[in-house]
Chemist: 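Before I ask anything, here is the structure I am working with.
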Amino acid sequence: MKTDASAPGPTLVQRALSGHASIGLLAGALIYILCVSGMLVVVHERWQRWEEPRAVETPTIAPAAVQRGLEAVLASEAGKPKTTHLYVHMPTDGLPRTVVTTDTGAAYIDGQGAIAAPEAHAWTEFVTNLHIYLHLPQILGLIVVGIFGVMLATLTITGIVAHPRIFRDAFRLRARGGRQLAQADWHNRLGVWTLPFALAIALTGAFIGLGSVGFTLISNAYHGGDLERTYAPIFTGDMPEPTPDPRPAPAPNVAAALATMATRFPELRPTYVVVHEPLTRSQHVQIIAAHPRRLIYGENYMFDAAGSFTGITGLSQGSVGRQVAASTYGLHFGSFGGLAVELAYIAIGLAMSVVTGTGMSIWLQKRRRRGAASPRLEALWSVTVWGVPILFVAAYWLRALGGHEMPLALAFWAGLGVAAVAAMIWPARIDPRALRIGLGAMLILTSMGHAVLAASPLPDAVAINLALAASGLLILAIDAPALLRARPDAPAQAPVAAGLPAE
């Protein structure tokens, strides 16, 4: 059969729509997981307080207490491999707790500098590591997540190009129309409303993830694999690194460094103290301090082992490239502007999750309308959309019942794998509405259980419990009446993509 060589090829819109669908199918599940986990990570410090409500809190701590705390932690690690870095999380508004972290563990410090308890926010760490690394080895995880950041940015752009009327119809929402029409409108409207924010989050995520690739290559090619030396031009600036000297030395005078910060920069609040190569003669101290009304994560103030000030690295007033690099993290994670910005980022993350979830659902519904239904793929997508949040809650239950050493990442991926296999083998048994009702009930039970067993008066814990209960009640209010009205003798139907009721 001959083809007409003069026939017009696909238009830009058609090519964009094809590319949009292809990328969405390829990356949809993992992008959805990243969107949902990212929405939670925005308030990771508040989750940490909720998860460990009885941990000692120190809204402020004296420099001498910090000194005693880090010395106590270093002394407790006698016999363990020597740590290369020691971090002190200073009390902040979001997390008013002092935490000393080494290469082998972390501990809460009380107001006097004594070790209060091991840090054990395993569930919060599980969600955070899922979003940043997908539970893969660190460098590989950053690369993979960075690639999906590029895919998300591409999906956003191709989605706009593929729908020329999307801006004109930005405020046209036909939520009461047919199921596919309503989903498409929600998908497109939320995509438009969150467009600049979704692009910013996707591109900064790609920058953070894929930037590690470039730095790793440069490190291996020019610095013998020394990543710290490779990052130095941006994050250390012109400050010279001390000559390596592994000979033992007493703990550095962090108290003097903090006292100097309070005297010379009283308007700044230290957020982290970093001791490089502790207990060696080449050790030195870095204090990270937040700058009000700036996107940068902070400025680095450098001190020698005696606590004498040696300079700053220039993240706050250096080159434009250095300031942009330092601002990427805050822009991606929403760690600026306090609670109002956090709530806005949660709303954006929820919208991005809905856009991702409905995108695949719309494609599956179109296939069904064309007579090419994919019951197994529909069931698989349903257990992805609703199974992921269910497994998040189940992981917290596992941590609450079994302790912070439970293998939460293994349980999550194993559970998702089992659900996926079940969906492929028994697609007709996957009831998305039942999954949603299960999720709603689990959220309510989690809220009630935490409120009763933890009995925490912390505002963050109370707010999170109320949010969990409200979310669960909303899900039940939408789905439970419809499930109760269903006739028990009605013929079984193939699951509908993403679990929305059939028209």
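Because the structure is a prediction, the values reported are computed rather than measured.
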Chemist: Measure the NE2-CD1 distance between His89 and Ile288 for me, rounded to the nearest 0.5 Å.
Modeler: 10.5 Å

Chemist: Quiz question: by atom type and distance under 3.5 Å, do the side chains of Asp245 and Ser282 form a donor-acceptor pair?
Modeler: no

Chemist: Looking just at side-chain N and O atoms, do Gln286 and His276 make a donor-acceptor pair shorter than 3.5 Å?
Modeler: yes

Chemist: Just by distance, no angles: are the side chains of Thr271 and Thr92 close enough, under 3.5 Å, to form a donor-acceptor pair?
Modeler: no

Chemist: Can you measure from CG (Leu391) to CE (Met442) and round to the nearest 0.5 angstrom?
Modeler: 8.0 Å

Chemist: Looking only at side-chain N and O atoms, does Thr104 offer a donor or acceptor that is under 3.5 Å from a partner on Glu77?
Modeler: yes

Chemist: Indicate yes or no for a side-chain donor-acceptor contact from Glu57 to the backbone of Pro91 under 3.5 Å, with no hydrogens or angles considered.
Modeler: no

Chemist: Among side-chain atoms of His450 and Asn465, is any donor-acceptor pair under 3.5 angstrom?
Modeler: yes

Chemist: Take the angle between the ring planes of Trp47 and Trp50 and call it parallel below 30°, perpendicular above 60°, tilted in between.
Modeler: perpendicular

Chemist: Are Phe392 and Phe412 close enough that their ring centers fall under 6.0 Å?
Modeler: yes

Chemist: Does Glu267 have more than 12 heavy atoms from other residues, nucleotides or ligands lying within 6.0 Å of its CD?
Modeler: yes

Chemist: Just by distance, with hydrogens left out, do Glu52 and Tyr108 show a side-chain donor and acceptor under 3.5 Å apart?
Modeler: yes

Chemist: Passes side-chain hydrogen bond (donor to acceptor under 3.5 Å, both in side chains), Glu119 versus Gln48? Steps please.
Modeler: CA-CA 10 Å; Glu119 186 184 51; Gln48 183 174 339; 3.1 Å; yes

